[in-house]
Amino acid sequence: MKMSYKIIISLTVILILGLSGLFTYEYYINQNQTSQNQEEAENTQDNVITSEFKSENNSIVPFTSMTESNGSLYITKSLSSSANLENANVIPIESDFFTIVGDDVYYITNGSDEFAPELRRCGLDGNNDVSISEFVSPLGSPVVIGDYIYSAYYTEDDEGLNNGIYKININSGETEKAIEGEYFIYGYDNDKIYYTSNSENRGSGTILHRMNFDGTDKTEVLNFNVRTDSIVVYDKYIFFSAYDDISHCYKIYRSPKSGKGNIDAYSFECFSNVFDVIDERLYYQANSAVYSSEINGDNEIKIADIDEKSDSAYGFKKFDNKIYFYEKSNQGDILYQTNIETSEKLNISK
């Protein structure tokens, strides 16, 4: 669909993940949550599900730049043109965000100033390519849950009448706006969406809510006095990073995703606020190296040193015993592959 298109989401860093510094674990109680928020959280029932889309058995499949399916690694033509990934299957499509469901590939076109991103479906060989929906965005944190794709969508066109969270039936292609409004999604579980409101989060703090997949049962689960764009919802926790004015560095925090309880903090000196949580481990940049630790901060291991010309590491992905991440420098972003067992690090950018 041809249109003047502009995505202006102030909280854009959804794919940038990680963080930095000497990593130690300490306990921290957030003193900035008001008594009203505590009362709200205590009244929240974790097992209350009013949405018709609840599905405890359905896995959550995100859109990403590389993905695993049936034990094989898949990438798109876009990534293969800039990186050498051994034993990776290349899907002949131009896209930076895709996922695989069965034998079908769902991907988002890169878009341009003239054309909006679009959701399309094709086979693993790129054939049978068809358009599915225009109401999707790479910045909308699209995922597949059961028979639906969910994605936030934002545009200035039509005075924002199309803004909202959409659900797209992957069998019929039927697209429906599930929730009205301007949202930025930070995570999902099997019955909840974790989100911020664009209008509400333009101040100096961070307020995170959760709601059912039909937009009901909206509950505040995080109210932090420092603004952050780096949030990961994983298992029972909300992980986020924020700058600390006292120590003059970033910290990563862990808060119960129910909204009840205290906030734990990992403290460190750091050069980057990006991090990720993969397979029950944190991956982050500390000083001039990439490290990993268990969620509770134990068993920290060094993954690889960062090149002395690089500023930061981000975009952590894991496949088998290998970690993939980018290093940002004046020469551009370079993709590396590191063997977790041997610490062998390879520059796989072309």
Side-chain angles (χ1 to χ4, degrees), residues 9 11-19 30 33 37 40-41 44-49 51 53-56 58-64 99 138-146 148-152 165 178-179 183-198 200-201 205-213 215 217-224 226-242 251-266 273-284 294-296 314-318:
I9 300 176
L11 308 171
T12 53
V13 191
I14 188 165
L15 300 171
I16 301 180
L17 311 159
L19 81 96
N30 181 15
Q33 276 198 300
N37 293 333
E40 263 188 29
T44 302
Q45 298 296 321
D46 287 333
N47 58 353
V48 174
I49 304 172
S51 170
F53 306 118
K54 68 176 182 178
S55 54
E56 296 181 357
N58 286 328
S59 60
I60 300 171
V61 185
F63 282 63
T64 183
T99 193
L139 297 177
S141 301
V143 297
V144 179
I145 303 178
Y148 293 93
I149 293 173
Y150 291 88
S151 177
I165 296 176
I179 304 165
Y183 298 102
F184 192 76
I185 300 174
Y186 279 101
Y188 302 81
D189 57 26
N190 283 325
D191 50 59
K192 303 290 183 183
I193 299 174
Y194 294 80
Y195 68 95
T196 61
S197 168
N198 288 341
E200 185 176 46
N201 256 43
T206 299
I207 301 175
L208 188 72
H209 297 84
R210 72 178 184 184
M211 60 185 169
N212 291 329
F213 280 80
D217 194 22
K218 295 181 179 180
T219 304
E220 182 179 297
V221 292
L222 178 66
N223 191 329
F224 198 71
V226 179
R227 181 171 175 172
T228 178
D229 291 335
S230 297
I231 301 175
V232 177
V233 179
Y234 185 89
D235 195 25
K236 300 178 181 179
Y237 300 100
I238 299 165
F239 296 85
F240 63 99
S241 63
K251 289 185 177 181
I252 186 170
Y253 301 87
R254 185 183 74 178
S255 176
K257 70 180 184 182
S258 65
K260 297 181 290 186
N262 300 314
I263 294 178
D264 299 332
Y266 308 85
N273 67 332
V274 291
F275 70 98
D276 200 0
V277 186
I278 307 171
D279 294 341
E280 301 184 358
R281 293 189 66 87
L282 285 162
Y283 290 86
Y284 51 92
E294 295 179 0
I295 287 178
N296 63 4
Y314 70 95
F316 303 102
K317 306 289 183 184
K318 182 176 180 291

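Numbering starts at 1 and runs along the sequence shown.
- Taking the centre of each ring, Phe184 and Tyr186 come in below the 6.0 Å mark.
- Counting only distance, with no hydrogens or angles, the side chain of Asp189 and the backbone of Lys192 share a donor-acceptor pair below 3.5 Å.
- Across all their heavy atoms, Lys257 and Arg210 have their closest contact at O-NH1, 3.4 Å.
- The two residues Ser255 and Val221 make their nearest non-hydrogen contact at OG-O, 4.4 Å.
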Apply side-chain contact (heavy atoms from CB on, under 4.5 Å) to the pair Ile252 and Phe240, showing each step before the final yes or no. CA-CA 6 Å; Ile252 186 170; Phe240 63 99; over 6 Å; no

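- When atom types are taken as modelled, the side chain of Thr206 and the backbone of Val226 share a donor-acceptor pair closer than 3.5 angstrom.
- Scanning all heavy atoms of the two residues, the minimum distance from Asn212 to Asp191 falls at OD1-O, 3.5 Å.
- A donor-acceptor contact shorter than 3.5 Å links the side chain of Tyr234 to the backbone of Glu280.
- Nearest heavy atoms, Phe224 versus Tyr253: CZ-CZ, 3.8 Å.
- Proximity of Ile231 to Ile238: side-chain heavy atoms (C-beta onward) are separated by under 4.5 Å at one or more points.
- One finds the CG atom of Asp276 at 13.0 Å from the CZ atom of Arg281 (value rounded to the nearest 0.5 Å).
- Under the 3.5 Å distance criterion, with hydrogens and angles disregarded, a donor-acceptor pair is assigned to the side chains of Thr64 and Lys317.
- Note that CD1 of Ile165 is 6.5 Å distant from OH of Tyr183, once rounded to the nearest 0.5 Å.
- A donor-acceptor contact closer than 3.5 angstrom is absent between the side chains of Tyr237 and Asp264.
- Taking both residues in full, the closest heavy atoms of Pro256 and Gly261 are given as CG-CA, 4.3 Å, listed atom of the first, atom of the second, then distance.
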Worked check of side-chain contact (heavy atoms from CB on, under 4.5 Å) between Asp217 and Met211: CA-CA 5 Å; Asp217 194 22; Met211 60 185 169; 6.0 Å; no

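- Nearest heavy atoms, Val277 versus Val232: CG2-CG1, 4.1 Å.
- Although no hydrogens or angles enter the test, the distance criterion places no donor-acceptor pair under 3.5 Å between the side chain of Lys218 and the main chain of His209.
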Worked check of side-chain contact (heavy atoms from CB on, under 4.5 Å) between Leu208 and Glu220: CA-CA 6 Å; Leu208 188 72; Glu220 182 179 297; over 6 Å; no

side-chain contact (heavy atoms from CB on, under 4.5 Å) between Ile193 and Ile185, worked out: CA-CA 7 Å; Ile193 299 174; Ile185 300 174; 3.9 Å; yes

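- Put simply, the side chain of Tyr150 never gets that close to the backbone of Tyr188: no donor and acceptor are under 3.5 Å apart.
- One N or O on the side chain of Thr99 and one on the backbone of Pro62 form a donor-acceptor pair closer than 3.5 Å.
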